[in-house]
Amino acid sequence: MELAAKYNAAEVEDKWYAYWLEHKFFHSEPNEKEPYTIVIPPPNVTGILHMGHVLNNTLNDVLIRNARMHGKNACWVPGTDHASIATESKVVAKLKAQGISKDDLTREEFLKHAWEWKEEHGGIILNQLRKLGASCDWDRTRFTMEPALSEAVINTFVYFYKKGWIYKGVRMVNWDPEALTAVSDDEVIHKDTKSHFYHLRYYISDGQGNPTDKYLVIATTRPETIMADAAICVNPNDERHHWLRGKKVLIPLINREIPVIEDDYVEMDFGTGCLKVTPAHDVHDYEIGLRHNLEVLDIIDEHGKLNEKARILVGEDRFVARKKIVKMLEEAGNLEKVEEYTSPVGYSERTNAVIEPRLSAQWFLKMDTLAKMALDTVESGRTKFIPEKYVNTYRHWMENARDWCISRQLWWGQRIPAYYLPDGRYVVEASAEAALEAAKAICPDIKMEDLHQDEDVLDTWFSSWLWPISVFDPEMPGHPDHQPNKDLAYYYPTSDLVTGPDIIFFWVARMIMAGEEFMGREPFSNVYFTGIVRDKIGRKMSKTLGNSPDPLDLIKTYGADAVRIGMLLCSSAGNDIFYDEAQIKQGAAFCNKIWNSYRLVKGFSVDENAKQPAVAAEAVKWFDAKLSDTVAQVEDHYRKFRISDALMAIYKLFWDDYCAWYLEAIKPAFVDGKPGSVDPVTYKATLDYFEALLKLIHPVMPFITEELWQNMEERKDGETIMYAAAPVARPFDPDTLVHFELAQEAVNGVRGIRNQKNIAPKETLELKMKEGFPAEVVPVIEKMGNVTVDSAHEFGDMQGVGFMVRTYEMFVALNGLVNVEEEIAKLEKDLAYQQKFLAGVRAKLANERFTAHAPAAVIENERKKEADSLSKIESLESQLKALKNS
RNA sequence: GGAAGAUUAGCUCAGCUGGUUUAGAGCACCUGCCUUACAAGCAGGGGGUCGACGGUUCGAAUCCGCCAUCUUCCACCA
């Protein structure tokens, strides 16, 4: 096959991905090998691939492919998340665009639309992952709302309910009075908003419900809620208000009597130090109310209007009521003053309506035991976090975990399996039939049509926390007596999880809880937290900013391998990623480099009778060691999840060591204007190394490596680099590397002189070196530096330029090209530097406290520095002397 | 306001238990090369008082304190 001069990714990628799929290379079944398992962080089912997904899934794929090549039975389970809030709001928006309001639809009609939407968009993101090269076991693709997984969620709910850990409670939700729905905290936008601070007089009651002439002053931004006040609260340490202890005050206008209570929550130096407590209409007040057993009086209805409990201004909108009540308070003499005030106010992301904190009945899951278990999992190290700093964050949250509100006022999701009897009592069962049976125990005559299932669905995380279990065996969660099926027994616990730190609590912590509860052990051994992908100037990638490129466009332009490299080059664990297209270009350049190195190797002609030249033998020996050395480093980097370091090590091995040094060293010289031949020993080594390099980089660049690996020799159908064994580090003599490095430095010295003196690389120079230099690498210097090497005792008065390779003196003979003054100036500069350096080292050695305290090895090293420096100075001085005499 | 983390070359980052670091890498930059694998290339080069100030130590980018700036998470203050 002819190879084009440039690598064409587009042609290659689809071909090999189809080949991999055709042979089911990504598919895993339990076997006798060690499993390596990753479950994908399931993207939203209607989502579109963005740069965050690219980063995350590239990392996942690198880990999976690396494990596969290390002989593990690698299984990467893909799937999607039903994402109730995001998906439902997309469906609502789509219906709205068609002129359909969700309110006009029944639950069944709406869900029909939602499923249609899911069928239409559900596969997109998984197909996009294929373009990236993701080696997911597609036969195992799961969806969090598919029947089996939904059943698992329902069973889990019933399980916890019967265990007594799920209860119905009241919670303050963010109510959107326009959309008539609760919205999540994420959907509330806090904006500083100008308003007023109303200072109101509350008169002290005489005990009979009549005002005295004494009063206290509270400051509020919401005077329309005073009718719902349950108490006035002051700080117990606030001496100004001690006279109020045990007193009761009267709510203005309606003269309802409320107590004065004390609580640390109140800031003494904010407002007047007196807080009106309105449990029904403020989150904090609600909590104070709980502590002090205060009455909860809800005076605002779902539309944001005052209801009859308010007694006055009934039916008025909350903002109209505010204006009116201010006037009424003023007329009644209760308004002391009004201040301008700016405070953060929550607005609904969807309707821009001001959010009304509203109490509502919600379902909760107790967190105390689960959180304790999950904290232990991480603190004991059974699950490791990378980077470790997230353990702190995790601990803080787990120690302060509040009960988990698991109900959502939506339709898209698993419907809560609570069935209400007409009298308001309820039963919790996995099916309507079971619920009817249970209901009959309470009320023998009850019929199915009398039962009404809870309208709410469960939080999406209440399904995704089962993911590492339910993708293998959906029967398991909620059935403690169930024996794990073959898959679950084999694949669980999974190995690594790659995800963003933003969902450490929402998802990671809860998966650990579910894992401990249902499996009795951690769901994964390591959690690798990626950073957030930002643009060059540090802004989050977002649709509204338009600063997020379409990954598919990038793949089309540069190739998937280049995109993968580009993302990994700038990703150290836990740090945000500053995305820059230049890095993808770098990846594309690397692809091209690999491609062309193969063109060179493939173009070699082999002379079966040729003997291996000394320089080639040396290069082979060196690269062998270098390869082992790098493989060991790469293994270490992978172990520590330093993926970008692993990549950089391979990158340099391929580009600098293999292409720039090894190939140049073994490249046959020209014979009669044509490239000469390579001997068979060197040729075989060269191909072996090339293959080793392909294997090393394959996890990161799956496509180009498969293409070239397949091209290297005739492969059978069904063979793939994916399952080739990863290169293994072998022991080597460290001197091999050290000596070759000396040769490289000598060559660099010669090249530097060429550059300086403008001498063409083609012109062969004469290099003199003093004896003692490792002889075996001299042929390398001769070839790579295009020099002939002579050893000499003295350089005498030769014309030329000297330089040092560590402690070895070198000298390039040049005739008529030396500017003596320039050389002298340069040498003197070097000499001055060395003398200063020597003085520093000697000062250190002369310091008794240093020699007394420092370890022997450190002192020894300083002595060596001293000796090296001395010999350099000696050499520089003799060169100077020679130059000055010439 | 609370918590965690960061600050090293123009950019992105390594630098693990203080001493083989006389602070490194990749990219970018500058100079010279179309040398028959690759100009998406080759060869060479410049560039940092390790955020500021104190402290511990024979010795600090590394440990401690304080300040500044930034990021994230939590709470968003009647």
Side-chain angles (χ1 to χ4, degrees), chain A residues 3 5-7 190 197 218-222 233 265-267 270-278 282-285 341 343-344 346 387 389-393 395-397 400 501-502 504-505 531-532 534 536 538 558 562 569-572 574-580 582-583 585-604 640 642 644-645 647-649 651-652 659-660 663-664 667 670 673-675 748 751-756 758 760-762 833-834 836-837 840-841 844 847-855 857-862 864-865 869:
Chain A
L3 289 174
K6 285 188 180 180
Y7 171 58
H190 291 274
F197 223 5
I218 60 101
T220 180
T221 53
R222 298 202 64 189
C233 191
Y265 170 76
V266 180
E267 298 283 340
F270 190 84
T272 62
C274 295
L275 169 71
K276 77 187 213 34
V277 184
T278 319
D282 182 277
V283 184
H284 299 287
D285 290 11
Y341 185 63
S343 64
K389 65 177 177 183
Y390 288 112
V391 175
N392 289 334
T393 323
R395 183 184 306 113
H396 186 255
W397 193 75
N400 298 288
D502 47 334
I504 185 166
F505 309 128
I532 298 163
R534 297 173 178 279
K536 253 197 280 194
Y558 300 105
L569 276 173
C570 56
S571 69
S572 53
N575 285 344
D576 284 356
I577 311 304
F578 290 87
Y579 167 77
D580 185 348
Q583 277 146 342
K585 287 185 179 154
Q586 192 184 343
F590 187 41
C591 288
N592 195 49
K593 186 70 187 176
I594 293 173
W595 185 260
N596 277 292
S597 62
Y598 180 66
R599 284 178 67 215
L600 173 68
V601 172
K602 209 196 169 210
F604 284 154
K640 293 172 181 159
R642 297 161 166 245
S644 59
D645 288 347
L647 168 60
M648 190 44 67
Y651 179 91
K652 286 196 273 192
C659 294
L663 288 180
E664 292 300 332
K667 211 174 183 177
F670 273 65
K674 284 186 289 185
N748 288 342
R751 285 173 175 172
I753 291 164
R754 278 184 196 280
N755 244 285
Q756 236 172 54
N758 232 333
K762 275 182 177 170
Y833 177 86
Q834 280 301 330
K836 204 178 139 200
F837 177 70
V841 173
K844 211 170 186 182
N847 184 341
E848 270 173 41
R849 290 205 282 184
F850 169 70
T851 47
H853 288 91
V858 173
I859 298 172
E860 187 48 41
N861 187 49
E862 290 302 314
K864 189 171 175 296
K865 282 189 197 169
S869 181

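In what follows, every chain begins at residue 1, and chains take the letters A, B, ... in the order their sequences are listed.
Between A40(B) and A28(B), the distance separating the two C1' atoms is 15 Å to the nearest Å. Only the C1' atoms considered, G26(B) is 30 Å distant from A68(B), to the nearest whole Å. Nucleotides G54(B) and A60(B) are separated by 14 Å at their P atoms, to the nearest Å. If you take atom C1' in C50(B) and the same atom in G18(B), they sit 15 Å apart, rounded to whole Å. Spacing of P atoms, C70(B) relative to C29(B), comes out at 30 Å, to the nearest Å. Here the separation of U22(B) from G55(B), taken at their P atoms, is 25 Å to the nearest Å. For the C1' atoms, the distance linking A25(B) with U21(B) amounts to 14 Å, nearest Å. Rounded to the nearest Å, the gap between the C1' atom of G41(B) and that of U35(B) is 11 Å.
Under 4.0 angstrom from either OP1 or OP2 of A40(B) there lies no side-chain N or O belonging to Y558(A). Remark: H284(A) is not in phosphate contact with A75(B), judged by side-chain N or O atoms under 4.0 Å from OP1 or OP2. Between C74(B) and N400(A), no contact under 4.0 Å exists linking OP1 or OP2 to a side-chain N or O. Side-chain N/O atoms of K640(A) include none lying less than 4.0 angstrom from OP1 or OP2 on A14(B). For the pair Y651(A) and C27(B), the criterion of a side-chain N or O lying under 4.0 Å from OP1 or OP2 is met. Contact annotation: K864(A) side-chain N/O to U20(B) OP1/OP2 distance is not under 4.0 Å. Between A37(B) and K593(A), no contact under 4.0 Å exists linking OP1 or OP2 to a side-chain N or O.
Residue Q586(A) contributes atom CD, which lies 15 Å from atom P of U12(B) at whole-angstrom precision. Regarding W397(A), its CH2 atom lies at a distance of 12 Å from the C1' atom of C73(B), rounded to whole Å. When the C1' atom of C34(B) is taken as reference, atom NZ of K762(A) falls 12 Å away, rounded to whole Å. Atom CG in L647(A) sits about 15 Å away from atom P in A14(B), given to the nearest Å. In this entry the distance linking CD of Q756(A) with P of A43(B) reads 18 Å, nearest Å. Straight-line distance from the CG atom of D285(A) to the P atom of C76(B): 12 Å, rounded to whole Å. Atom CG in N758(A) sits roughly 10 Å away from atom C1' in U31(B) (whole-Å rounding). One can place CZ of R751(A) at 16 Å from P of U35(B), the figure rounded to the nearest angstrom.
In this structure, Y341(A) and F197(A) have parallel ring planes: the angle between them is below the 30° cut-off, well short of the 60° mark.
Look at C73(B): its Watson-Crick or wobble partner, with both distances under 3.5 angstrom, is G2(B). Summarising the base pairing, A14(B) is matched to no nucleotide, lacking a Watson-Crick or G-U wobble pair whose two defining distances lie under 3.5 Å. For U31(B), the paired base is A43(B) (Watson-Crick or G-U wobble, both distances below 3.5 Å). Across all strands shown, U7(B) forms a Watson-Crick or G-U wobble pair with A68(B), both key distances being under 3.5 Å.
Among the atoms of the strands shown, base atoms are found under 4.0 Å from some heavy atom of N592(A). If you check every strand for non-hydrogen atoms under 4.0 Å, K585(A) touches nothing. If you check every strand for non-hydrogen atoms under 4.0 Å, R642(A) touches sugar and phosphate atoms only. Contacts of G273(A) with the nucleic acid, taken as non-hydrogen atoms under 4.0 Å apart, include base atoms. When heavy atoms are screened at a 4.0 angstrom cut-off, V841(A) is found touching no nucleic acid atom at all. Within the nucleic acid shown, S597(A) comes within 4.0 Å of at least one base atom, counting heavy atoms only. Among the protein residues, N748(A) comes within range of the sugar-phosphate backbone only, with heavy atoms under 4.0 Å from sugar or phosphate atoms but none that close to a base. Residue H853(A) is in base contact, counting any heavy-atom pair closer than 4.0 Å across all strands shown. Contacts of A219(A) with the nucleic acid, taken as non-hydrogen atoms under 4.0 Å apart, include base atoms. No engagement by Q834(A) is indicated, since no non-hydrogen atom pair under 4.0 Å with the nucleic acid exists. Residue C591(A) is classed as having no contact, given no heavy-atom separation below 4.0 Å to the nucleic acid.
The nearest heavy atom of RNA chain B to N847(A) and to N755(A) marks one nucleotide each, and the one closer to the 5' end goes with N755(A). Between K844(A) and S869(A), the residue anchored nearer the 5' end of RNA chain B, judged by the nucleotide with its closest heavy atom, is K844(A).
Between the side-chain ring of F837(A) and the base of U22(B), a stacking contact exists by the 5.5 Å and 30° definition.
Minimum atom distance to the side chain of P855(A) is reached by G19(B), of the listed G19(B), U20(B), A78(B). Nearest nucleotide to the side chain of R849(A), out of C38(B), C58(B), G19(B): C58(B). Comparing A37(B), C77(B), A25(B) against the side chain of Y265(A) picks out C77(B) as the nearest. Among A37(B), G19(B), A78(B), the nucleotide with an atom closest to any side-chain atom of F197(A) is A78(B). Nearest nucleotide to the side chain of A660(A), out of C58(B), C38(B), A43(B): A43(B). Side-chain proximity of T220(A) to the nucleotides A78(B), A25(B), G19(B) is greatest for A78(B).
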Verdict with reasoning, I859(A) to E862(A), per side-chain contact (heavy atoms from CB on, under 4.5 Å): CA-CA 5 Å; I859(A) 298 172; E862(A) 290 302 314; 5.5 Å; no
Intermediate values then yes/no, side-chain contact (heavy atoms from CB on, under 4.5 Å), I594(A) and Y7(A): CA-CA 9 Å; I594(A) 293 173; Y7(A) 171 58; over 6 Å; no
Full working for side-chain contact (heavy atoms from CB on, under 4.5 Å) between L275(A) and Y265(A): CA-CA 10 Å; L275(A) 169 71; Y265(A) 170 76; 3.8 Å; yes
side-chain contact (heavy atoms from CB on, under 4.5 Å) assessment of S869(A) paired with V841(A): CA-CA 9 Å; S869(A) 181; V841(A) 173; over 6 Å; no
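V277(A) has its side chain out of reach of H284(A): every pair of non-hydrogen atoms, C-beta onward, lies at least 4.5 Å apart. Side-chain contact between H396(A) and N392(A): absent, with no pair of heavy atoms (C-beta onward) separated by less than 4.5 Å.
A donor N or O paired with an acceptor N or O is not found under 3.5 Å between the base of A43(B) and the side-chain atoms of E664(A).
Of the residues Y558(A), Y651(A), W595(A), the one that meets the ring-ring contact (aromatic ring centres under 6.0 Å, His included) test with F590(A) is Y651(A).
Separation of atoms OG1 (T220(A)) and NZ (K276(A)) is listed at 4.5 Å; rounding is to 0.5 Å.
Across all non-hydrogen atoms, the minimal contact from S597(A) to C659(A) is CB-SG, 3.6 Å.
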